[in-house]
Visitor: 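What follows is a structure written as structure tokens; I'll ask about it next.
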Amino acid sequence: MDYDRKSTVSSFYGAPKTSLDALNADFVAHPPNVRARDDASSFFNGDNRMSTDLHGPRANAGYNRNSFFHAGREEPVKGGRDEEEEVAQEAWDVYADFNNAGPRYSHTFGQNSQGYQQLPPLSPNVEEVASTNNVEMVTVPALGPEWSKDEMRGMTKAGKNERRAETRREKWKAWNRGERGMCGHYCTKKVFVFVVFGVCIAIGIVLAFTVPRVPIFGFNSDSPLVNATGAWGNAVPFIFSRFPANFSFPANAALQVNTHNNYVPITFNHIKANVFDLQTSRLVATGDLGHKTFPAKKYTNLLLPLNFTYIASNDTDQTWANWYNACKNRGLYTDGKRQPVQYRILLTMNILGLPNSRSTSTEVSDAECPVELPMNAG
């Protein structure tokens, strides 16, 4: 064994061996009525007992090296260089630390009284960077669980639109199967069908009475064309000329509107008229009534203004000759009857409430010219 690991227990060098086993220990007889005590214990040491004198010296708690039982040799067994380091620092004893009679553990091994160890100062470079940058440390929350691809797509706009579309499809399927209703649980598929059917019937009944119908137009058989008076008569000049061959005069078409097939008043946005010569099919007159409203279930007389205007290459033109001969003065005829005019009138109507325009036409073969030329008209 090395010299510095030499045991200090005396039993290793010939001392009588003693057993720690209580059954094998040597029997020691004590005199009767004599109480065995451990005179090595500080508890039975009268000098170390607690003093009752408040002002006298007070003993310690009674702990010393002999107050603890050592089952074997102490660990670690020090010697050699360990003892030199201990002497160099300062002898420290755990028992003395308990009794406040020696150096503390914290003082012996380089710690201050608060239990903290002085850290070495920062290097100049680190202090300079810390002072110039003035970086503020922010507490970063811990990362949570990672999102799956489906969850990440569900947070996008496309994912939300897909969920809404899927919800609408599911609701439509459930409503189509009769499992749910619209607007809560009331409007189921069966109720919806009956409601739509009733609404269609109601709409049909309303339209039957409110949709306008094309009225019937009649012409005055005695005088289908009459001379224009008032503002319209003064608006169009009266002209009959051979060179160049043309004519121009105002007139009114005497019409009668029959609205007995309408339940509500009928409104015309406009009524346009075109007059064609019955023999040559040339356009000789035009007219437009404009906006007009007629009552329902009545016969209403109407004067439609017409502007007769025609230009020919010469006086031998058939259309010009027909209207010139029909409008001559009555005094040029022995019986006083002039030649009648023959024409076809086409009426185009735009009725409020109807999607398309309606038209009607009629032919007149024995109408009298609405104007009369003077006797000296060539």
Side-chain angles (χ1 to χ4, degrees), residues 214-242 244-259 266-294 298-313 315 317-330 337-352 357-374 377:
V214 179
I216 301 173
F217 287 89
F219 292 88
N220 189 343
S221 59
D222 295 335
S223 55
L225 291 177
V226 296
N227 189 18
T229 58
W232 176 245
N234 298 326
V236 179
F238 176 76
I239 298 174
F240 260 96
S241 175
R242 289 182 178 272
N246 65 86
F247 60 84
S248 176
F249 60 89
N252 289 324
L255 304 175
Q256 189 179 62
V257 183
N258 182 5
T259 59
I266 182 171
T267 301
F268 293 89
N269 293 328
H270 62 80
I271 301 177
K272 293 182 178 182
N274 292 322
V275 179
F276 300 90
D277 185 86
L278 190 59
Q279 296 180 1
T280 61
S281 299
R282 293 293 186 89
L283 180 65
V284 295
T286 59
D288 191 354
L289 181 62
H291 190 274
K292 187 74 174 179
T293 301
F294 297 95
K298 285 186 177 181
Y299 290 100
T300 305
N301 294 326
L302 171 65
L303 292 177
L304 180 62
L306 297 175
N307 180 14
F308 283 86
T309 301
Y310 182 76
I311 299 176
S313 58
D315 57 357
D317 184 82
Q318 181 66 37
T319 304
W320 182 88
N322 292 337
W323 287 88
Y324 177 80
N325 295 328
C327 295
K328 283 183 179 182
N329 193 286
R330 290 186 177 87
K337 292 183 179 180
R338 297 183 299 175
Q339 178 181 342
V341 293
Q342 299 178 354
Y343 62 89
R344 182 173 63 89
I345 183 170
L346 174 65
L347 299 178
T348 303
M349 300 162 287
N350 191 341
I351 302 173
L352 181 64
S357 299
R358 301 295 191 273
S359 61
T360 183
S361 64
T362 187
E363 294 181 356
V364 178
S365 60
D366 55 352
E368 186 179 358
C369 181
V371 296
E372 186 174 1
L373 294 175

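Quick note: residue numbers are just sequence positions, from 1.
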Visitor: Nearest 0.5 Å please: distance from the CH2 atom of W320 over to the OG atom of S313.
Guide: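 With rounding to 0.5 Å, CH2 (W320) is 11.0 Å from OG (S313).
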Visitor: Which heavy atom in A251 sits nearest to a heavy atom in P370, and how many Å separate them?
Guide: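 That would be CB-CG, 3.7 Å.
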Visitor: If you compare all heavy atoms of V226 against all heavy atoms of L303, which two are closest, and at what distance to 0.1 Å?
Guide: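 That would be CG2-CD2, 4.1 Å.
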Visitor: Quick one: side-chain hydrogen bond (donor to acceptor under 3.5 Å, both in side chains) partners of R344, sequence neighbours excluded?
Guide: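 For R344, no residue satisfies side-chain hydrogen bond (donor to acceptor under 3.5 Å, both in side chains) once neighbours in sequence are set aside.
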Visitor: Let me see the working for Q342 and N322 under side-chain contact (heavy atoms from CB on, under 4.5 Å), right down to the final yes or no.
Guide: CA-CA 9 Å; Q342 299 178 354; N322 292 337; over 6 Å; no
Visitor: Taking all heavy atoms of R338 and all of N329, pick out the closest pair and write down the distance.
Guide: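 Nearest pair, atom of R338 first, then N329: CD-C, 4.4 Å.
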Visitor: Look up atom CG in L306 and atom CG in N252, then write down how far apart they are to the nearest 0.5 Å.
Guide: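 It comes to 7.0 Å.
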Visitor: Quick one, V257 with F217, criterion side-chain contact (heavy atoms from CB on, under 4.5 Å). Give me CA distance, side-chain angles, the key distance, then yes/no.
Guide: CA-CA 5 Å; V257 183; F217 287 89; 3.6 Å; yes
Visitor: Using 0.5 Å steps for rounding, measure from the CZ atom of F247 to the OH atom of Y310.
Guide: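 Rounded to the nearest 0.5 Å, the CZ-OH separation comes out at 7.5 Å.
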Visitor: Run the side-chain contact (heavy atoms from CB on, under 4.5 Å) test on T362 and I345 for me, step by step, so that the C-alpha distance in whole Å, both residues' side-chain angles and the decisive distance to 0.1 Å come before the verdict.
Guide: CA-CA 6 Å; T362 187; I345 183 170; 3.4 Å; yes
Visitor: Using only heavy-atom distances, determine whether the side chains of Y324 and D315 contain a donor-acceptor pair under 3.5 Å.
Guide: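 Side chains of Y324 and D315: no pair found under 3.5 Å.
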Visitor: Of the non-hydrogen atoms in C369 and A326, which two are nearest, and what is the gap between them?
Guide: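 That would be CB-O, 3.4 Å.
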Visitor: Working to the nearest 0.5 Å, report the span between OH of Y343 and OG1 of T319.
Guide: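 It comes to 16.0 Å.
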Visitor: Looking at R330, is its backbone amide N or carbonyl O close enough to the side chain of E372 to form a donor-acceptor pair, meaning the two atoms are under 3.5 Å apart?
Guide: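 Between the backbone of R330 and the side chain of E372 there is a qualifying donor-acceptor contact (under 3.5 Å).
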Visitor: Answer yes or no: are there more than 12 heavy-atom neighbours, outside L283 itself, under 6.0 Å from its atom CG?
Guide: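 Enclosed.
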Visitor: Looking at T280 and D277, what are the two nearest heavy atoms and their distance?
Guide: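 Looks like N-OD2, 2.9 Å.
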Visitor: Just so I know, are the side chains of L347 and L304 near enough to count as touching, which here means a heavy-atom distance under 4.5 Å?
Guide: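 L347 vs L304: side chains touch.
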Visitor: Which distance, rounded to the nearest 0.5 Å, do you find between the CG of L373 and the NZ of K328?
Guide: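 Rounded to the nearest 0.5 Å, the CG-NZ separation comes out at 9.0 Å.
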Visitor: What is the minimum heavy-atom distance between S357 and T348, and which atoms define it?
Guide: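 Closest pair (atom of S357, atom of T348, distance): CB-CG2, 4.3 Å.
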Visitor: To the nearest 0.5 angstrom, please state how far the CZ atom of F240 sits from the CZ atom of F249.
Guide: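 That separation rounds to 5.0 Å.
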Visitor: Applying ring pair (Phe, Tyr, Trp, His ring centres under 6.0 Å), name anything that partners F238, two or more places apart in sequence or on another chain.
Guide: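 Not a single residue meets the ring pair (Phe, Tyr, Trp, His ring centres under 6.0 Å) criterion with F238.
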Visitor: Please determine, by modelled atom types, if T267 and T293 share a side-chain donor-acceptor pair under 3.5 angstrom.
Guide: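 The criterion, which ignores hydrogens and geometry beyond distance, is satisfied for T293 and T267.
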Visitor: Between P215 and N258, is there a side-chain heavy-atom distance shorter than 4.5 Å?
Guide: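 Heavy-atom side-chain distance check fails, nothing below 4.5 Å.
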Visitor: Does any non-hydrogen side-chain atom of P340 lie less than 4.5 Å from one of V364?
Guide: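 In short, these two side chains do not touch, never coming nearer than 4.5 Å.
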Visitor: Side chains of M349 and T360: does their closest heavy-atom pair fall under 4.5 Å?
Guide: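 Contact flag for M349/T360 side chains = yes.
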Visitor: Is there a side-chain contact (heavy atoms from CB on, under 4.5 Å) between I271 and L255 once you walk through the steps?
Guide: CA-CA 12 Å; I271 301 177; L255 304 175; 6.0 Å; no
